[in-house]
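What you see is a predicted model; the values in this text were computed from it and never measured.
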Protein chains: 2
Amino acid sequence: MPRAQDVAGDGRTRRKAATPRARNPRAAADGGKAAGSKPQGAGPARQRDAEQTRADILEVASREFAEQGYAGARVDQIAERTRTTKRMIYYYFGGKEQLWIAVLERAYAGIRAAEQDIDVEHLDPVSAIRRLAELTFDHHDSHPDFIRLVSIENIHRAEHLERSPGFASLNSPVIDLIARILARGRESGAFRRQVDPLDLHMLISSYCVFRVANRYTFRAIFDRDLGSRDRREHYRTMLGDTVVAYLTAE
Amino acid sequence: MPRAQDVAGDGRTRRKAATPRARNPRAAADGGKAAGSKPQGAGPARQRDAEQTRADILEVASREFAEQGYAGARVDQIAERTRTTKRMIYYYFGGKEQLWIAVLERAYAGIRAAEQDIDVEHLDPVSAIRRLAELTFDHHDSHPDFIRLVSIENIHRAEHLERSPGFASLNSPVIDLIARILARGRESGAFRRQVDPLDLHMLISSYCVFRVANRYTFRAIFDRDLGSRDRREHYRTMLGDTVVAYLTAE
DNA sequence: GATTTAGTGGACGAACTAGTTAGTTCTTAC
DNA sequence: GTAAGAACTAACTAGTTCGTCCACTAAATC
């Protein structure tokens, strides 16, 4: 029972709350995402917008889950930071667990979209694979929350991802891209090793993910900040060197 | 207020509970660790043993935290799986957070101890670094709970590790070992690249950690089990190949 | 303009959870 | 043998947390 004040029947406070509440719809909603998701020119901004409310909840929930973990995140806290109420979370998502799944799906959809934009086929195999590694590096570097969500889901042994339909089937386009680069490289004689595309993807991912995900314990133990701006370029080059060395070695 | 039964003053139940409780001290305690931590020949097994109780709690707590995460783990659950009660957790550790720190410290002490046993100095630089990578690989492979604890602590941005004194100072012996191997390799001309020992350690760790920590989401998305016995040797060799290729490449 | 339906708000409650209280029993030092 | 203190226990408490109830309003439909 928080805020005895509000419950005590304080007329002024209550009336203020009951009033249509200085509706400032988008204000708290899209913090940063800016306009774009909805055709805003079409009439006066709606007071009720299911899609917008849903998106708002997802956005806030993503931050909160990434920050606190699944068990650590609080539904009340998420609701409070939304422009709507807790009731809406249950209305749109059903519960904490389904909200978490929706957050995961959104996060993976984001990375899939980014993968679509990769264009390295015009480069020679060695440059292409290095460029691909660097793009992966950059994406992970600028999306630490995604990495955190993945880490959290791994603690839960991916039970939610596994239960959610349509994940495995949606095979990532990068794997095909890597396969094509590797084939070209072998043909040209640049890559002297027979490598499985998925294994190479794992090699690249492990490096990029570790640098972001294990940054904190690494720093606590070895006193080195893997995420420092100064060393960013160094680690990016090192990744490219490693991948190229592995593929071109005897 | 659970178990109205017990509270209702059911004489039989209560008397049974009050009885010294078929003392079977070690039974629930060291599940698997077997004998070793205490000189068992010295007199009849004690009914009270502070060190043993403490160790028992730590053992159970480690499993529970690794399984559920920090926020997800329940003090009551930990207590229940111990041969003692919840009060003892607070008696010995002070609280959930301090228990977590103790669990972390114990886990890191374990890996430090393992690092002490590494002996590869008699090998030539290339073989030595490959062997070191393989030993790291094996250790991570057989201690998934340690990896989980580290992942969890990273979600919390290592705030506990940072607060716990005497972590950074205890510089890991592997780094020195790697430094010596790299120096030898450069002298002999086998390693043509100037590499920072800590960076190489990161390269090896990232691969080993990812394979264990991200196994679940990787499987859910790409339908490949990184932890499968069949592929273990393959991934171990691949790590060695990668590290050696990186160091020996132009 | 009336009716229906999608969307919303806020308070409530049952179950849970970290931590505590008040007391008992075993061990050891003398 | 016994007193002091360490080791231990069951039951309890205060506060939290997920989820729901019910009354209500804006928008869509007729």
Side-chain angles (χ1 to χ4, degrees), chain A residues 1-10 13-21 23 25 42-57 61 64 68 70-80 82-100, chain B residues 1-10 13-21 23 25 42-57 61 64 68 70-80 82-100:
Chain A
M1 34 201 59
R3 300 292 145 97
Q5 253 184 312
D6 299 349
V7 183
D10 172 353
T13 313
R14 280 190 80 84
R15 188 160 53 247
K16 200 154 198 176
T19 294
R21 174 162 70 130
R23 297 245 178 208
R46 299 160 53 96
Q47 290 182 35
R48 294 185 166 191
D49 187 335
E51 230 167 285
Q52 181 70 46
T53 303
R54 231 189 101 97
D56 180 26
I57 293 171
E64 207 60 20
Q68 313 286 347
Y70 175 71
R74 302 291 170 231
V75 177
D76 283 292
Q77 180 82 221
I78 292 170
E80 208 167 287
T82 303
R83 103 183 121 84
T84 184
T85 62
K86 185 163 61 150
R87 181 67 187 78
M88 290 298 95
I89 293 174
Y90 287 89
Y91 183 70
Y92 285 112
F93 298 95
K96 188 184 184 181
E97 194 172 3
Q98 288 111 301
L99 177 60
W100 166 247
Chain B
M1 37 202 57
R3 298 294 144 95
Q5 254 185 313
D6 299 349
V7 183
D10 174 353
T13 313
R14 281 187 81 84
R15 187 161 53 249
K16 201 153 195 176
T19 293
R21 173 159 73 125
R23 297 248 176 204
R46 299 160 53 98
Q47 290 183 35
R48 292 182 169 195
D49 187 334
E51 231 166 284
Q52 180 72 45
T53 303
R54 231 188 101 98
D56 181 25
I57 293 172
E64 208 60 19
Q68 315 284 347
Y70 176 70
R74 301 292 170 231
V75 177
D76 282 293
Q77 181 81 222
I78 293 169
E80 208 167 285
T82 304
R83 102 183 119 84
T84 184
T85 63
K86 183 162 67 148
R87 185 65 186 81
M88 287 298 96
I89 292 174
Y90 288 89
Y91 183 68
Y92 284 112
F93 298 95
K96 188 182 185 182
E97 196 173 1
Q98 288 111 302
L99 177 60
W100 167 248

Which residues pass the side chain to side chain contact (heavy atoms under 4.5 Å, CB included) test with [X], sequence neighbours left out?
| X | result |
| --- | --- |
| A/E97 | A/Y70, A/H160, A/R163 |
| A/Q77 | A/E64, A/R74, A/R81 |
| A/E80 | none |

D/dC8, OP1 or OP2 - any side-chain N/O from B/T53 closer than 4.0 Å?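 Answer yes for this pair, as a side-chain N or O of B/T53 is under 4.0 Å from OP1 or OP2.
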At under 4.0 Å, does any side-chain N or O of A/T84 touch on OP1 or OP2 of C/dG7?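 For C/dG7, neither OP1 nor OP2 has a side-chain N or O of A/T84 closer than 4.0 Å.
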Length of the [atom1]-[atom2] vector between [X] and [N], whole Å:
| X | N | atom1 | atom2 | answer |
| --- | --- | --- | --- | --- |
| A/D76 | D/dT16 | CG | C1' | 9 Å |
| B/K86 | D/dT13 | NZ | P | 13 Å |
| B/Q98 | C/dA18 | CD | P | 14 Å |
| B/Q52 | D/dA6 | CD | C1' | 17 Å |
| A/R83 | C/dG9 | CZ | C1' | 14 Å |
| A/I57 | C/dG7 | CD1 | P | 12 Å |
| B/R74 | C/dA15 | CZ | P | 17 Å |
| B/E80 | C/dA18 | CD | C1' | 15 Å |

Check every strand shown and say whether B/A71 touches a base, only sugar-phosphate, or nothing at a heavy-atom separation below 4.0 Å.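 Contact class for B/A71: none.
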So what does A/A79 hit on the nucleic acid, given a heavy-atom distance under 4.0 Å: a base, only sugar-phosphate, or nothing?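 The residue A/A79 makes no contact with any strand.
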Validation row: B/T53, B/R83 side chains within 4.5 angstrom (heavy atoms):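 Yes. Closest side-chain heavy atoms under 4.5 Å.
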Enumerate the residues from residues 87-96 of chain A whose closest heavy atom to DNA chain C is under 4.0 Å, giving them by residue number; use none for an empty result.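 Residues of residues 87-96 of chain A under 4.0 Å from DNA chain C: A/R87, A/M88, A/Y91, A/Y92.
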Show the atom names and distances, to 0.1 Å, of all donor-acceptor pairs under 3.5 Å that link a side chain in residues 87-94 of chain A to residues at least two apart or in another chain.
none

Residues two or more places apart in sequence or in another chain: which of them pass salt bridge (charged side-chain N to carboxylate O under 4.0 Å, His left out) with A/K86?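 With neighbours one apart ignored, the set is A/D76.
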Nearest 0.5 Å please: distance from the CG atom of B/L99 over to the CD1 atom of B/I57.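 Between atom CG of B/L99 and atom CD1 of B/I57 there are 7.5 Å.
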